[in-house]
Amino acid sequence: MAKLPILQFEEKIIDTVEQNSVVVIIGETGSGKSTQLSQILYRRGYTGSGNVAVTQPRRVAAVSVARRVAQELGVQLGEEVGYAIRFEDRTSEKTRIKYLTDGVLLRESLSNPDLNQYSVIILDEAHERSLNTDILLGLMKRLVKMRASNLKVLITSATLDGSKVSRFFSNCPILTVPGKLFPVEILYSTELPKSYIESSLKTAIDIHVREPEGDVLIFMTGQDDIEKLVVKLEERVQSLEEGSCMDAIILPLHGSLPPELQVRVFSPPPPNCRRFIVATNIAETSLTVDGVVYVIDSGYVKQRQYNPLTGMYSLDVVQISKVQANQRAGRAGRTRPGKCYRLYPSMVYHDDFLDVTVPEIQRSSLAGSVLYLKSLDLPDIDILKFDFLDSPSSESLQDALRQLYLIDAIDENGSITSVGQTMAELPLESSLSRMLMEANECGCLSQALTVAAMLSAETTLLPGRSKSTEKKRKHTPSDLPDGSGWGDHIQLLQIYEQWDQTDYDPDWCKDHGLQVRGMMFVKDVRKQLSQIMQKMARGSLDVRAKERWKESRQDYKNLRKALCAGYASQLAERMIHHNGYRTLGFKSQLVQVHPSSVLRADEDGMLPNYVLYHELVATTRPYMRNVCAVEMSWVVPILKKLENLNINKLSGGSNQVEDRTEEKSSDSPKKSVDVARPPNDAESRIQEARDRFLARKAKR
DNA sequence: GAGCACTGC
């Protein structure tokens with residue numbers, strides 16, 4: 001077996017690490033950085049006083065790389081080499097090299113901020129810029145100053161721009177290790193296509209007819225487009241003259257595909273047969289398909305974004321970055337020289353594409369992260385001045401502070417409260433952590449645990465979207481409990497309680513259109529949460545706990561009250577004459593209850609005056625997803641708190657921020673509630689891009 | 001009367 005490129009750099013790496021606390025290592029795909037760096041340091045005695053930690057953004061990566069390294073060192077997994085991911089810790093006293101997800105390292109840092117069990121911390125795949133990696137980068141900067149004598153930090157990245165990370169760490173050295181990628185020829189379109197599905201189809205067939213063997217990987221934005229293209233490809237391939245070219249297999253690949261269908265891409269094709277894999281960006285980093293020689297890149301991706309001014313999430317089709325385009329192209333060069341067909345002109349790539357993907361920290365709600373950092377209680381850290389590689393906007397940080405204040409996690413001066421301290425220890429969104437704390441006071445903790453666990457698995461819980469959904473639909477809704485009209489949280493509770501009654505029968509899930517894996521995940525989460533809450537719980541944590549009020553009333557009043565405390569920053573008030581709502585908060589939004597909700601209207605057809613919502617999503621319209629009825633008397637004190645909110649004080653008074661709360665909260669709705677959103681799919685986006693491109697070309 | 005990129009504690 002050929003030596004991995006990184007091994008030729010062993011001396012250089014050791015020399016550099018010896019002389020510096022922080023080193024950036026740029027290693028392209030196939031350099032061996034993920035498996036070899038830890039072994040080099042282990043071999044060279046860096047595990048004398050502590051262990052080597054290697055973080056990974058994904059669970060599967062942590063497990064598979066650990067397994068590989070254990071094999072290479074000829075040891076049992078869990079002994080000298082182990083891994084730790086949520087629900088699974090395979091390490092022991094003997095462990096010297098530990099692979100873990102970055103989320104797990106953050107949790108460890110909570111109970112041991114100095115992380116002194118480690119002598120080396122390697123942040124792998126830092127270029128992916130996951131929210132957790134970004135927070136770890138900030139923490140490492142502080143940690144290397146404190147532990148300069150006994151800690152080494154290595155940051156690895158696959159992209160060529162290590163200078164930014166190096167500058168962040170006071171110009172630390174950058175080592176570059178070549179990868180084992182074959183050259184990939186890039187072919188641009190001369191125009192932006194009218195339809196990117198048609199254009200992908202044409203390119204795919206051209207490759208099939210003209211090019212030698214090798215699989216084709218096509219990047220699309222989502223399930224819908226993938227299914228359309230798969231159908232069209234099948235038609236076209238069948239209409240080709242028999243014997244004119246080799247056989248073809250067409251495989252879809254996306255996250256909502258059941259795992260047994262996902263793994264089909266790992267079995268090699270029969271001889272004289274070409275595979276077409278039509279995939280989302282799951283094939284960009286998460287899954288590596290062997291045998292790909294041709295890549296077709298539409299240049300688009302679906303990205304979830306959070307707007308801190310409105311509290312609204314949206315899933316938008318956006319142009320990819322140059323880094324992403326190159327990552328996609330690289331997928332063609334893993335086994336031999338390949339080709340990448342970009343369905344956009346090089347001018348668009350150079351002028352329109354961002355250099356790097358907008359990091360997750362600038363696209364997410366930061367309530368959880370801010371609470372986490374506050375809970376570390378680092379004396380030298382001011383949250384609004386925290387040293388991030390890329391700072392989130394001040395709007396985003398203020399949004400997080402407002403949310404945390406409303407749910408009592410921080411006080412009016414921005415200091416963490418004892419409630420907030422406990423909340424940070426729970427692996428949940430802060431709203432759900434707060435609900436658990438309140439439920440513990442209200443005597444409904446066991447129910448709240450169930451609701452929190454069910455919401456943690458929200459997406460996997462939805463009825464499977466098989467083709468039979470249409471038929472199932474007639475039976476399923478009546479089979480599932482209806483939340484007694486109070487709303488979706490109550491329904492989730494009732495679903496789990498029914499499943500519990502069957503002793504967690506997988507068939508019961510299938511019969512009721514629930515995903516078995518999703519429900520098993522809920523069970524795991526509930527168990528984990530119970531363990532954490534055990535030490536402070538005031539009542540039973542058992543699903544079947546008989547709570548004192550349960551027999552007499554079925555209005556779930558205590559649970560809804562606990563929910564209201566948790567969702568104090570996610571409340572809405574119904575309009576006077578119709579069933580539209582306006583959100584109560586910094587910037588009022590006109591929203592509607594999502595049609596899938598089980599919230600019930602009264603005999604006059606009116607919905608409750610006040611509701612809480614789990615999430616605000618802008619799809620075809622602004623919707624509240626997962627709502628629950630609350631009472632006005634619970635809302636009033638929260639509104640009072642909202643009136644007195646002073647963002648300058650919350651921010652620690654350290655920066656001059658304009659307080660816009662006053663003017664916004666008095667806003668009265670002007671527009672109708674039916675604010676439809678323009679279409680948001682790749683074909684519409686490409687039309688817009690095409691218009692822009694043609695206009696610009698005409699000018700030149 | 002809707003609609004599901006991808007991760008993770």
Side-chain angles (χ1 to χ4, degrees), chain A residues 55-62 84-89 100-111 125 128-136 219-227 253-257 262 279-287 298 300-305 313-318 320 324 357 360 363-364 368-369 371-372 423-430 432-433 452-453 456-466 469-470 473 477 515 521 524-525 528-529 532 579 592-597 615 617-621 623-625 674 676-677 679-682:
Chain A
T55 69
Q56 294 290 324
R58 278 172 294 280
R59 294 163 56 93
V60 275
I85 58 178
R86 189 182 190 178
F87 309 134
E88 210 181 335
D89 185 346
L100 68 180
T101 49
D102 41 24
V104 169
L105 188 62
L106 281 176
R107 290 277 140 204
E108 290 186 354
S109 161
L110 203 53
S111 49
E125 316 289 1
E128 290 190 22
R129 302 294 306 278
S130 75
L131 181 53
N132 286 340
T133 306
D134 269 20
I135 296 195
L136 281 173
F219 283 103
M220 309 292 283
T221 56
Q223 189 180 352
D224 264 12
D225 291 348
I226 288 173
E227 280 165 9
L253 180 62
H254 51 83
S256 36
L257 212 58
Q262 276 189 23
T280 58
N281 59 333
I282 195 170
E284 207 175 277
T285 46
S286 306
L287 292 180
S298 61
Y300 285 89
V301 69
K302 263 188 197 168
Q303 222 173 48
R304 194 173 140 102
Q305 346 233 22
Y313 283 98
S314 58
L315 193 61
D316 303 324
V317 172
V318 298
I320 59 173
Q324 272 178 298
T357 315
E360 203 185 342
R363 294 186 275 120
S364 323
S369 302
L371 180 62
Y372 173 85
M423 284 168 57
E425 284 169 41
L426 290 157
L428 288 171
E429 291 168 45
S430 32
L432 297 176
S433 309
S456 301
E458 196 206 353
T459 48
T460 45
L461 167 76
L462 295 165
R465 333 174 192 134
S466 57
T469 318
E470 220 54 51
R473 170 154 304 180
Q515 287 180 20
F521 176 78
D524 278 341
V525 174
Q528 188 193 15
L529 296 176
I532 299 171
N579 277 336
Q592 285 181 315
V593 173
H594 196 275
S596 66
S597 176
E615 197 177 47
V617 291
T619 50
T620 52
R621 292 202 180 95
Y623 282 120
M624 296 182 283
R625 209 145 57 185
D674 281 318
R677 217 167 158 249
N680 174 39
D681 58 6

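First the proteins, then the strands, lettered A, B, ... as listed; each starts at 1.
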Asks: Salt bridge (charged side-chain N to carboxylate O under 4.0 Å, His left out) with A:Glu360: which residues, sequence neighbours excluded?
Replies: none

Asks: If you check the A:Thr101 side chain, which of B:dA5, B:dG8, B:dA2 turns out closest?
Replies: B:dG8

Asks: Closest approach to the side chain of A:Thr620, judged atom by atom: which nucleotide of B:dA2, B:dC6, B:dG8 is it?
Replies: B:dA2

Asks: Using the side-chain heavy atoms of A:Arg625, tell me which of these nucleotides is nearest: B:dG1, B:dA5, B:dC4.
Replies: B:dC4

Asks: Quick one: on DNA chain B, does A:Gly255 or A:Leu428 contact a more 5' nucleotide (nearest heavy atom)?
Replies: A:Gly255

Asks: Answer with yes or no whether the side chains of A:Ser130 and A:Asn132 bring together a donor and an acceptor at under 3.5 Å.
Replies: no

Asks: Among B:dA5, B:dC9, B:dT7, which nucleotide sits nearest the side chain of A:Arg58?
Replies: B:dT7

Asks: Tell me what A:Val301 touches on the nucleic acid: a base, only sugar-phosphate, or nothing, going by heavy atoms under 4.0 Å.
Replies: nothing

Asks: Indicate, with a heavy-atom threshold strictly under 4.0 Å, whether A:Ile282 touches base, sugar-phosphate, or nothing.
Replies: sugar-phosphate

Asks: Once you apply a heavy-atom cut-off of 4.0 Å, does A:Ile85 come out as touching a base, just sugar-phosphate, or nothing?
Replies: sugar-phosphate

Asks: Does A:Arg621 make a side-chain N or O approach to OP1 or OP2 of B:dG1 shorter than 4.0 Å?
Replies: no

Asks: With sequence neighbours left out, write down each residue that passes side chain to side chain donor-acceptor pair (under 3.5 Å) with A:Glu425, or none if nothing qualifies.
Replies: none

Asks: Categorize A:Asn132 for me: base, sugar-phosphate, or nothing, with a 4.0 angstrom heavy-atom threshold over every strand shown.
Replies: nothing

Asks: Where the side chain of A:Thr280 is defined as all heavy atoms beyond and including C-beta, which of B:dA2, B:dG8, B:dA5 is the nearest nucleotide?
Replies: B:dA5

